[in-house]
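Here the structure comes first, spelled out in structure tokens, and everything after it is commentary.
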Protein chains: 2
Amino acid sequence: MKKSEINSTEIARLAGVSRSTVSRVINNYTNVPAETREKVMKVIEAHNYFPNVSAQVLAGKRARTIGLFLFGQGRVSADVLTNMLIVSVIEHASEHGYYVLTHIIRDAKDTEVVKSVMEIFYQRRIDGGIFIGAANREPFIEELIAEGFVVGVVDQELPEQPEPNRIVSNFNNDSGMKQAVAYLAGLGHTGIGVINGDMNRLSGKTKYEGFMTAMRMCGLQVNPDWVLDGDFHETSGYNAVQTLLRSGVNLPTAIVAANDSVAFGAIRALKEQGLRVPDDISVIGFDDHAMSEKHHPALTTIRVDLGDMLKRMTSLLIATIEQKTLTVKEITLDCSLVVRDSCRRI
Amino acid sequence: MKKSEINSTEIARLAGVSRSTVSRVINNYTNVPAETREKVMKVIEAHNYFPNVSAQVLAGKRARTIGLFLFGQGRVSADVLTNMLIVSVIEHASEHGYYVLTHIIRDAKDTEVVKSVMEIFYQRRIDGGIFIGAANREPFIEELIAEGFVVGVVDQELPEQPEPNRIVSNFNNDSGMKQAVAYLAGLGHTGIGVINGDMNRLSGKTKYEGFMTAMRMCGLQVNPDWVLDGDFHETSGYNAVQTLLRSGVNLPTAIVAANDSVAFGAIRALKEQGLRVPDDISVIGFDDHAMSEKHHPALTTIRVDLGDMLKRMTSLLIATIEQKTLTVKEITLDCSLVVRDSCRRI
DNA sequence: CTGAAAGCGCTTACAG
DNA sequence: CTGAAAGCGCTTACAG
């Protein structure tokens with residue numbers, strides 16, 4: 001293995017200058033005459049020389065790497081969304097000359113796992129990190145922020161006195177829920193149920209609260225029997241509907257699901273019991289998952305632009321790392337109704 | 001920002017030992033008495049100390065990071081498969097204590113892009129890298145291997161005299177094609193067409209060759225009009241069939257597609273022209289894409305276990321990085337027929 | 001404009 | 001068993 005062993009000393013020797021000058025050329029110092037710069041660049045290119053990044057970081061440069069941490073409850077692999085997230089972050093980081101170290105957090109309750117995540121920051125492998133899918137105010141993330149690391153968290157509350165190294169991004173779930181309920185109300189529905197998401201996540205809470213507010217604003221009663229627990233996964237939608245059906249109570253004419261996966265599960269359970277969607281019961285989702293368009297029936301839902309959110313999050317994180325003086329600490333994106341075939345007029 | 005500024009000197013001072021000893025404890029040297037070790041460990045844990053990784057690498061340790069390079073022709077984001085690949089590599093690397101730096105290569109012909117990829121190796125950000133979706137014998141990958149970097153390439157030929165730092169993995173496409181053709185022949189098909197993949201990729205070539213061999217072995221003629229160009233993407237399947245239909249030649253009774261995406265495209269074009277699958281024409285795919293089961297009609301295909309392949313590739317790459325003396329340089333996995341609804345007996 | 005030198009935070013022969 | 005010291009490959013005040 002003849003690994004290229006060339007270093008700045010060697011480049012300096014070949015170019016007939018000092019290492020200081022080589023470094024100045026590499027770091028685009030302005031006080032290097034064009035002639036000297038070219039002479040050095042020629043040698044650098046001729047030898048395919050790239051400065052050792054560890055040495056650079058140790059000498060005070062940034063690692064130009066960000067961490068991307070995905071909380072996955074065991075089935076990340078299957079999720080189409082996840083891929084979009086990862087790719088979106090990688091490509092936008094790449095535009096800024098940053099690399100992405102991706103990590104999957106299977107169990108945020110496991111101290112070993114938490115330690116391994118924090119280690120990545122303490123080791124200085126990364127200049128900052130983005131967390132997706134975390135509980136609201138996840139303790140170890142709070143700790144990282146308290147330590148001064150630059151951290152971006154998707155789906156998270158911004159505290160009253162935000163630290164300069166904390167970034168947060170959210171969808172306007174309130175507006176989304178209002179659109180969903182208003183649409184169903186417009187179709188003549190009055191008995192509307194809801195299957196909640198994970199209440200430890202901010203979006204779980206805000207979606208539920210948004211639903212309640214929207215119902216009130218439309219002058220509709222919320223039947224407690226129709227407020228069902230869920231956790232954002234397909235199975236929870238399935239289970240929620242099954243429980244509802246078995247309980248023998250009256251059924252709502254429409255159900256709002258915390259996201260599209262939950263809606264898929266709900267529809268699956270409904271179908272299994274011989275109920276048709278939307279003929280017997282209408283279902284509306286949230287997120288506009290890649291599958292929703294192809295689903296039978298095509299799912300009416302609230303669209304959310306996660307790619308755009310992560311693009312902004314990535315840019316803001318990097319700007320913060322580079323100490324651009326920014327006052328923006330929060331990204332909020334709106335969402336909007338997509339009408340397809342899973343809801344009907346009654 | 002009170003970033004934890006603690007370093008090994010400080011730990012040494014607090015534990016009343018030298019930095020050498022702290023380092024020995026961290027690196028699990030055997031010649032440290034249990035008592036000393038514990039004393040040091042206590043201080044390390046009390047202060048949440050993790051050695052600076054750049055300093056470790058500079059001093060000769062491994063970065064414990066591998067690169068994952070995905071060639072994406074513009075639509076990686078949409079692909080369910082890609083996600084599985086990424087997650088599979090990350091999780092298995094993580095089991096070995098390695099991190100993954102993921103990079104997307106949009107255009108392998110762009111010298112700037114190629115330079116940025118090679119830079120990652122030269123900078124010593126990573127100890128090795130895995131490439132997925134590359135052309136067979138992609139020149140810049142060959143260059144990296146020649147430089148001595150540890151490289152794993154999925155879907156790639158192994159040279160006669162394999163270098164110790166080159167790893168390769170493939171599916172047994174020959175076997176897969178034999179199964180596909182045998183199955184169709186068994187259903188009574190004699191007029192079988194094929195839509196090829198990207199012939200610059202090894203699997204494009206081997207699938208085509210496998211098809212030709214299989215046809216010969218089944219005693220079937222290959223009609224040149226029914227050998228269609230493609231590139232592994234949905235659109236190419238669509239275009240291939242459209243061209244075939246417009247050309248006015250006789251139609252085959254069955255088509256073998258280079259992968260499931262191509263099959264989806266082919267079926268879409270068929271449907272648009274009023275042809276039913278499998279009633280008018282049978283279609284068989286390759287890969288068993290996550291969508292294939294849900295497709296209408298559910299796609300008969302050849303299943304391939306990419307997750308398993310990447311798991312093995314990741315382990316082998318890391319073993320090679322760690323200089324375990326291994327003779328295995330090639331991973332080959334078999335594939336197998338999955339019968340669903342897109343082929344019929346005639 | 002440019003070089004010599006200190007320093008970043010580790011690891012590891014070396015000597016005892 | 002353990003410490004002092006050299007060295008990894010850079011960057012950047014400092015001095016000229």
Side-chain angles (χ1 to χ4, degrees), chain A residues 3-41 43-44 47-65 119-127 322, chain B residues 3-41 43-44 47-65 119-127 322:
Chain A
K3 286 205 188 169
S4 66
E5 299 292 354
I6 198 150
N7 58 23
S8 70
T9 309
E10 191 65 4
I11 296 291
R13 199 180 56 73
L14 292 166
V17 298
S18 70
R19 287 154 72 215
S20 312
T21 300
V22 171
S23 181
R24 286 191 193 100
V25 168
I26 285 166
N27 292 291
N28 281 311
Y29 276 51
T30 47
N31 57 354
V32 181
E35 209 180 326
T36 311
R37 153 173 305 278
E38 277 184 12
K39 184 174 58 179
V40 174
M41 282 307 291
V43 179
I44 287 178
H47 292 77
N48 240 307
Y49 167 71
F50 294 95
N52 179 305
V53 75
S54 294
Q56 291 188 122
V57 171
L58 201 54
K61 295 293 208 182
R62 293 193 192 90
R64 297 191 81 79
T65 306
E119 185 176 359
I120 298 174
F121 285 85
Y122 284 108
Q123 284 183 140
R124 302 282 134 143
R125 279 183 186 272
I126 56 178
D127 302 314
E322 300 193 335
Chain B
K3 286 207 190 170
S4 64
E5 299 293 355
I6 199 151
N7 57 22
S8 70
T9 309
E10 191 67 4
I11 296 291
R13 198 179 58 71
L14 292 166
V17 297
S18 70
R19 287 155 72 214
S20 312
T21 300
V22 172
S23 181
R24 286 192 193 98
V25 169
I26 286 166
N27 293 292
N28 281 310
Y29 275 50
T30 48
N31 57 354
V32 180
E35 208 180 329
T36 311
R37 155 174 302 281
E38 279 185 12
K39 184 173 62 180
V40 175
M41 281 308 289
V43 179
I44 286 178
H47 292 77
N48 240 305
Y49 166 71
F50 294 96
N52 180 306
V53 75
S54 294
Q56 288 185 310
V57 172
L58 200 54
K61 294 292 207 181
R62 295 196 190 88
R64 297 191 81 80
T65 305
E119 184 176 359
I120 298 175
F121 285 84
Y122 284 109
Q123 284 182 140
R124 301 283 134 141
R125 279 183 186 273
I126 56 179
D127 303 313
E322 300 191 338

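The sequence lines fix the lettering, A, B, ..., with proteins before strands; numbering per chain opens at 1. Heavy atoms only: backbone and side chains are in, while hydrogens, waters and symmetry mates are out.
The two residues B:S18 and B:A12 have their closest heavy-atom pair at C-CB, 3.7 Å. Pairing each heavy atom of A:A55 with each of A:N52, the nearest pair is N-OD1, 3.1 Å. The two residues B:V32 and B:R37 have their closest heavy-atom pair at CG1-N, 3.8 Å. Of all non-hydrogen atoms in B:V25 and B:M41, the two that sit nearest each other are CG1-SD, 3.7 Å. Heavy atoms only, all atoms of each residue included: B:L58 and A:S54 are closest at N-CB, 4.3 Å. Contact record, B:R125 with B:A63: O-CB, 3.8 Å, taken as the closest heavy-atom pair.
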Verdict with supporting geometry, B:R64 and B:E322, side chain to side chain contact (heavy atoms under 4.5 Å, CB included): CA-CA 10 Å; B:R64 297 191 81 80; B:E322 300 191 338; 3.8 Å; yes
Steps toward side chain to side chain contact (heavy atoms under 4.5 Å, CB included) verdict (B:S23, B:Y29): CA-CA 9 Å; B:S23 181; B:Y29 275 50; 5.8 Å; no
Worked check of side chain to side chain contact (heavy atoms under 4.5 Å, CB included) between A:I44 and A:I26: CA-CA 9 Å; A:I44 287 178; A:I26 285 166; 3.9 Å; yes
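B:R24 places none of its side-chain heavy atoms less than 4.5 Å from the side chain of B:T36.
For the pair B:V32 and B:G60, both in contact range of DNA chain D, the more 5′-proximal nearest nucleotide belongs to B:V32.
Listed by residue number, B:S23, B:R24, B:N27, B:Y29 are the residues of residues 21-30 of chain B with a heavy-atom contact under 4.0 Å to DNA chain C.
Counting only Watson-Crick and G-U wobble pairs whose two key distances fall under 3.5 Å, DNA chain C forms stems of three or more stacked pairs at C:1-3 with D:14-16, C:5-12 with D:5-12, C:14-16 with D:1-3.
Residue contacts for A:N31: at a heavy-atom cut-off of 4.0 Å it reaches a base atom on one of the strands shown. Residue contacts shown for B:S54 are absent, as no nucleic acid heavy atom lies under 4.0 Å away.
Taking 4.0 Å as the cutoff to heavy atoms of chain B, we find the contact window on DNA chain D bounded by D:dC1 to D:dG9.
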